[in-house]
Undergrad: 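Got a structure for you, questions after.
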Amino acid sequence: MQIDKVYEPQRFEPHWAEWWVSSGIFHAEPSKGGKVFSLVIPPPNVTGSLHMGHMLEHTEIDVTTRWHRMRGHNTLWLPGTDHAGIATQMVVERQLAKEGLTRHQLGREEFEKRVWQWKEEYGGNIVRQMIRTGTSCDWSRQRFTLDEGLSRAVREVFVRLYEKGLIYRGQYMINWCPRCLTALSDLEVVHEESQGNLWHIRYPVVGTDRYLVVATTRPETMLGDTAVAINAKDERYKDLHGRTVRLPLMDREIPIILDDMADPEFGTGVVKVTPAHDPNDFAAGQRHNLPRIEVIDKHAKMTENAGRFAGLDRFDARKQVVAALDELAVLDKVEPYQLNAGRCQRCKTIVEPLVSKQWFVSMKPLAQPAIEAVESGRIRFIPENWSKTYFEWMYNIRDWCISRQLWWGHRIPAWHCEECDEIIVARETPERCKCGSTNLVQDPDVLDTWFSSGLWPFSTLGWPEKTIDLATYYPTTLLITGFDILFFWVARMAMMGLECMGEVPFSDVYIHGLVRDADKQKMSKTKGNTIDPLVVTEQYGTDAVRFALLRGAAPGTDIVVSQDRVESARAFANKIWNAARFIFMNMEKAGIEDYDPGETDCCMGEPHEASLAVPLEDRWIFAKLNRAAENTSRAIEAYRYHEVADTLYHFFWGEFCDWYVELKKLRIQEFPDSKANIRNLLKAFEISLRLLHPVMPFLTEELWQRLVRKTDRRPASIALARFPEYDNSAVDFPAAHEMSLLQDIVTAARNLRTDLQITDPKQVLDGVLYSTTAALHVARSERNAIERLANVKLELREEHAPKTEGTAIRSTPEFDLVLSVPVAQADAQRKRLQKDIEQLEKVIANSQRQLGDETFINKAPAKVVDGIRAKLVEYESQLGKNRSALEGLVAQ
RNA sequence: GGGCCUGUAGCUCAGUUGGUUAGAGCGCCUGCUUGACACGCAGGAGGUCACAGAUUCGAGUUCUGUCAGGCCCACCA
């Protein structure tokens, strides 16, 4: 049995990554029965490549999924990708542009072909990256939001909602991106503050010599004004009601209306009304039946209605309108103003509110059940406070504009009759209209990409067919995702799931944090501070990257990744690797080929049952394994991934390597022929590998495959082996106690050596251990181990240390350790004692103060009071010992 | 304008229901090429838990306020 001297994950990770897929070990089988754990991946965009956010998300999902699988649950992690409407269309358009082509030149059909081509060629990129990073998905069930089955689900939902009256079509004001040339939903508009102006313009009141001053941030829209509004309660303008104003530049007479939209407190209290270009004004226009004059078109250019400004870009028009107003001397004043412009999420172009005929989903009826699902706890957010954000959005929900003027996406299943204007919404292409005409044209628009994403948890499982998958794996158990798509995706899945399936799509929603760089900056391509997970994976290994991410992944906090964190995680992986090397080396020496776990592969209690015949370190490590298994499981269940990482790190490094392996070395020297000794070591290591597997899948698979004998009983992969479970019978308190005494004695001796400035670790010191407690028995039975670990030669005495005895003393409640040294290092020792004494005096004073407090004694639970009493006795005894030692030193 | 989160060691963060000398990783200091590992071993220094009050026998932990950051939502021209 040989393994490479250096931990080089690059040498084995790709192999296991491929094998995990080709062997099909992650394939879910509905007929397996038993407890189900199912989860759908938040489908990454096909255009995407894996970034740290994905890596974190996938790692958290993978840890949880592997853990469930190892516990024997019927486990499904369903993977797939999203067609990502605008994003993908943009990518392909850019590619076309390089060839000097536009999509319009190509035509719709050709263009769609090109996008599919692109998808076949490059769309698999992110999937390959996921496979390389070891995500344990069931790749046989991989889905794409635009594939046949999902498209059918989309049509089905659309038709059903339409028939229920929850989808409607109409002329409303929507967000329009003049670059993408499509409508956008409110969520796809991001608001950014920028510095602008507030222009005050005088509108002369017809038939008087007065004028009204309106304030606007967008003077170019005044060309489309069809009224000015004042508040009925505003005394200043009361008498003007019923009159009209003359619109400058356009020379149009428009009415003065009364409306609450005008706030007497704000500006001049007069608002210009442009029903065609502002959402507020649109509503006011409807209230007052005002005409809508469109002065800006879909390209954000001024229309013919803009008179002499026609053809200008909206921003040029703004400048020219202002100049013209200035010339007319109707510009009252200009003041700087902070404005909040909406921009297209994808291309950052300032969106233009336009009136347009679009398809909408009526959201209020869908929101209600989704609200109740969270209120009743059928859906649970972790961390919990995300439910507040969810509620806030749900309560104020507005209808969803779902039609997009794009070519890449789910074509809206509606056909327009060219003869009679009838609209036919149908699952399959209709042949003829009610009127008998066969002249039917399908609606050219496609659906918002999030429409199909909203169906993901059931569409991927075969809905609307009644499949076994659907029956088995819906509702899914858990969703792990980022807060940035809480509304886009999570909320809509909740609504669609409840509407179409009558049941929540998932019961737990774990919202992970944001990945940040070493300077706590959000990672973004534009900032150039991204760390490519594939690059660090190649450099340090997937396991190290996973571990580094998990260590910082406390719920509700952001996750910082940096080179040194990954390095530290790699050091841990390396530690495991080297422990394996030690173990393999000893197997070889003992002539043991491999490890045969025997009948049971998850038994933790066996070595303990053999009781005192079993070496202390074995009894202890199985007890510790037991505890680590318990803590790991509990942390995974609670999505406390940082605790998972921490538990494993401290168990394996601090307990397994630092103490267990060190003691085993001595034991092997002592009993070179004992195979039982090695077997316990192997057993403990094998269990540790299983414990580590969900977090560090590659490394553990590599070692486990080499270590564990291939038998009929043995699963093909460690991923299918049992996760170590907490075993009550393996709780070994005596072993834990004895071991901690051993550790205390060794540590005391090491501390003393440092105090005494014994720099040569090989120098053996003589010493005496005084104890009247269990420490003496441990020292007796484990004398060799203690002496070797601390490099001392001990005499054991069952008595308290005499006051006069030596100066190099370390005292604990259990024992006093005195080392004799040729040359006394009085200074260092004195400093140490003084520091200890100070510290003890402080805690003693504190304990005494508490115990002297009548109310404390009466009110605090007896357990706490007794605890402090007991501690006080210990402190005082230690203080006494330290003081006499210090006196001894001074006397010297 | 509304809502949410954060402030603990030089840095990045843990700290479950208030209870017994506040922890980790990285960095720093000292000493060690110890037959698994220098990606290592053994020791060590470093904190009035942002500030001010309140509740309590007892507060890093609960409440209020202040200050400082960050995020989300919103049609005030």
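Throughout, a chain's letter reflects where its sequence line sits, starting with A, and its residues are numbered from 1.
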Undergrad: Salt bridge (Lys or Arg N to Asp or Glu O under 4.0 Å): which pairs involve residues 215-229 of chain A, sequence neighbours left out?
TA: A:Arg218-A:Glu220, A:Arg218-A:Glu352, A:Glu220-A:Arg318, A:Asp225-A:Lys272
Undergrad: Remember a base hit wins even if backbone is also touched, and classify A:Pro353 as base, sugar-phosphate or nothing at under 4.0 Å, heavy atoms.
TA: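 No contact at all - A:Pro353 keeps every heavy atom at 4.0 Å or more from the nucleic acid.
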Undergrad: Which part of the nucleic acid, if any, lies within contact of A:Asp564, taking any heavy atom under 4.0 Å across all strands shown: a base, the sugar-phosphate backbone alone, or nothing?
TA: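 Counting heavy atoms under 4.0 Å across all strands, the contact made by A:Asp564 is with sugar-phosphate only.
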Undergrad: Under 4.0 Å from a heavy atom of chain A: give me the 5'-most and 3'-most nucleotides of RNA chain B that qualify.
TA: B:C4 to B:A77
Undergrad: Counting any heavy atom closer than 4.0 Å, what does A:Asp760 reach on the DNA or RNA strands: base, sugar-phosphate only, or nothing?
TA: nothing
Undergrad: Determine the interatomic distance between P on B:U61 and the same-named atom on B:A54; round to the nearest Å.
TA: 14 Å
Undergrad: Looking only at atom C1', what distance separates B:C51 and B:A59, rounded to whole Å?
TA: 16 Å
Undergrad: If we take the P atom in both B:C41 and B:G10, what is their distance in whole Å?
TA: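 After rounding to an integer number of Å, I get 25 Å for this pair.
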Undergrad: For a quick check of understanding: with a heavy-atom distance under 4.0 Å over all strands, which category does A:Tyr337 fall into, base, sugar-phosphate or nothing?
TA: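 Counting heavy atoms under 4.0 Å across all strands, the contact made by A:Tyr337 is with sugar-phosphate only.
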Undergrad: What contact category does A:Arg551 fall into here, base, sugar-phosphate, or nothing, at under 4.0 angstrom with non-hydrogen atoms?
TA: sugar-phosphate
Undergrad: With a 4.0 Å cut-off on heavy atoms, is A:Phe282 in touch with a base, just the backbone sugar-phosphate, or nothing at all?
TA: nothing
Undergrad: Which is true for A:His191 with a 4.0 Å heavy-atom rule: it touches a base, it touches only sugar-phosphate, or it touches nothing?
TA: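 Nothing: the residue A:His191, judged by heavy atoms under 4.0 Å, touches no strand.
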Undergrad: Would you classify A:Ala580 as touching base, sugar-phosphate or nothing, given that sugar-phosphate means primed atoms plus P, OP1 and OP2, and contacts are heavy atoms under 4.0 Å?
TA: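 Touches nothing.
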Undergrad: Just call it for A:Arg753: base, sugar-phosphate, or nothing, with non-hydrogen atoms closer than 4.0 Å on any strand.
TA: nothing
Undergrad: Just to verify, which of A:Trp489, A:Phe381, A:Phe483 counts as forming a ring pair (Phe, Tyr, Trp, His ring centres under 6.0 Å) with A:Tyr390?
TA: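 Passing option: A:Phe381.
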Undergrad: If we ignore hydrogens and angles and just use 3.5 Å, is the side chain of A:Glu188 paired with the main-chain N or O of A:Ser185 as donor and acceptor?
TA: yes
Undergrad: Any Lys/Arg nitrogen of A:Glu662 or A:Lys665 sitting under 4.0 Å from an Asp/Glu carboxylate oxygen of the other?
TA: yes
Undergrad: I'd like to know if A:Arg706 pairs up with A:Glu702 as an ion pair, taking the criterion as any Lys NZ or Arg NE/NH1/NH2 lying under 4.0 Å from an Asp or Glu carboxylate oxygen.
TA: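 Here A:Arg706 pairs with A:Glu702 in a salt bridge, since their nearest N and O are under 4.0 Å apart.
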Undergrad: Between A:Thr268 and A:Val213 (side chain of the first, backbone of the second, donor and acceptor by atom type, cut-off under 3.5 Å), is there such a pair?
TA: yes
Undergrad: Stem finding on RNA chain B, please: runs of three or more consecutive Watson-Crick or G-U wobble pairs, both distances under 3.5 Å, sorted by first number.
TA: B:1-7 with B:67-73, B:10-13 with B:23-26, B:28-32 with B:40-44, B:50-54 with B:62-66
Undergrad: Under 4.0 Å, heavy atoms only, any strand: does A:Gly867 hit a base, just the sugar-phosphate, or nothing?
TA: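 Base contact - A:Gly867 has a heavy atom under 4.0 Å of at least one base atom.
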Undergrad: Quick check on contacts: within residues 652-660 of chain A, what sits under 4.0 Å from RNA chain B by heavy-atom distance?
TA: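 By residue number: A:Trp653, A:Cys657, A:Asp658.
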Undergrad: Does anything in residues 266-277 of chain A come within less than 4.0 Å of RNA chain B? Heavy atoms only, and list the residues if so.
TA: A:Phe266, A:Gly269, A:Val271
Undergrad: If you look only at distance, which donor and acceptor atoms sit under 3.5 Å apart when one is on a side chain in residues 573-583 of chain A and the other is two or more places apart or in another chain?
TA:
{"unit_1": "A:Asn574", "atom_1": "OD1", "unit_2": "A:Asn578", "atom_2": "ND2", "d": "3.1"}
{"unit_1": "A:Trp577", "atom_1": "NE1", "unit_2": "A:Asp4", "atom_2": "O", "d": "2.9"}
{"unit_1": "A:Asn578", "atom_1": "OD1", "unit_2": "A:Arg581", "atom_2": "NH1", "d": "3.1"}
{"unit_1": "A:Asn578", "atom_1": "ND2", "unit_2": "A:Asn574", "atom_2": "O", "d": "2.9"}
{"unit_1": "A:Arg581", "atom_1": "NH1", "unit_2": "A:Lys5", "atom_2": "O", "d": "3.4"}

Undergrad: How would you label the contact of A:Glu384 with the nucleic acid (heavy atoms, under 4.0 Å): base, sugar-phosphate, or nothing?
TA: nothing
Undergrad: Check A:Arg627 with A:Glu630, please: is the shortest side-chain N to carboxylate O separation under 4.0 Å?
TA: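 Answer for the salt bridge query: yes.
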Undergrad: Under 4.0 Å between any heavy atoms, over every strand shown, what does A:Arg750 touch: base, sugar-phosphate, or nothing? Just pick one.
TA: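 Answer is sugar-phosphate: A:Arg750 comes under 4.0 Å of backbone atoms only.
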Undergrad: Short question: side chain of A:Arg492, backbone of A:Phe488 - any donor-acceptor pair under 3.5 Å?
TA: yes
Undergrad: Checking all strands, does A:Lys871 fall into the base, sugar-phosphate, or nothing category for heavy-atom contacts under 4.0 angstrom?
TA: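 A:Lys871: base contact, heavy atoms under 4.0 Å.
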Undergrad: What's the gap between B:C72 and B:G53 when it is taken at their P atoms, as a whole Å value?
TA: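 After rounding to an integer number of Å, I get 36 Å for this pair.
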Undergrad: If you look at every strand shown and take non-hydrogen atoms under 4.0 Å, does A:Val214 touch a base, only sugar-phosphate, or nothing?
TA: nothing
Undergrad: Between B:C26 and B:A38, how many Å separate the two P atoms, rounded to a whole number?
TA: 16 Å
